[in-house]
Amino acid sequence: MSGMEMLQHVRKLYPDLICIIITGYATVELAVQAMREGAHDFVAKPFTPRLLLQVLNGRWTAAG
């Protein structure tokens, strides 16, 4: 199962779940597709712990 397939499956089961895609194969096209499929954010590897915390904090703040 690809990450995009997993995203689609999870969004069907849990439509309110915050989904963040983390990938080592980032492209603009993949990021756009992920956002259209319901991802809340898209992070390309490699990333710093600080960036990941910023993304997570931003999503929790937006959801809360």
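Values reported hereafter were calculated over all heavy atoms of this structure, with side chains retained and with hydrogens, waters and symmetry mates removed.
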Quick check on the hydrophobic clustering: are Phe47 and Ile18 connected, directly or via other members, by side-chain heavy-atom contacts under 4.5 Å? yes
Using the side chain to side chain contact (heavy atoms under 4.5 Å, CB included) criterion, which residues pair with Lys12? Sequence neighbours excluded. none
Which residues pass the side chain to side chain contact (heavy atoms under 4.5 Å, CB included) test with Arg50, sequence neighbours left out? Thr48, Gln54
Would a 4.5 Å heavy-atom cut-off, applied to side chains only, mark Leu51 and Val43 as touching? yes
Side-chain heavy atoms of Leu52 within contact of Ile22, under 4.5 Å: yes
With no hydrogens and no angle check, is any side-chain donor or acceptor of Glu5 less than 3.5 Å from a backbone partner on Ser2? yes
Do the side chains of Met4 and Leu30 get nearer than 4.5 Å, heavy atoms only? yes
My understanding is that a hydrophobic cluster links ILVMFWY residues whose side chain heavy atoms are under 4.5 Å apart, including indirect links. Using that, what else belongs to the cluster containing Val10? Met1, Met6, Leu13, Tyr14, Leu17
With sequence neighbours left out, what residues match Ala31 under side chain to side chain contact (heavy atoms under 4.5 Å, CB included)? Phe42
So, for Leu7 and Glu37, which heavy atoms are closest and what is the spacing to 0.1 Å? CD2-CB, 3.7 Å
Would a 4.5 Å heavy-atom cut-off, applied to side chains only, mark Leu56 and Ile20 as touching? yes
Contacts of Ala44 that satisfy side chain to side chain contact (heavy atoms under 4.5 Å, CB included) - sequence neighbours left out: Ala26
So, for Ile21 and Gly3, which heavy atoms are closest and what is the spacing to 0.1 Å? CD1-O, 4.5 Å
Here the pair of heavy atoms bringing Cys19 nearest to Arg11 is SG-CD, 3.7 Å
If you look at every heavy atom in Thr23 and Tyr25, which pair is closest and at what distance? OG1-N, 2.9 Å
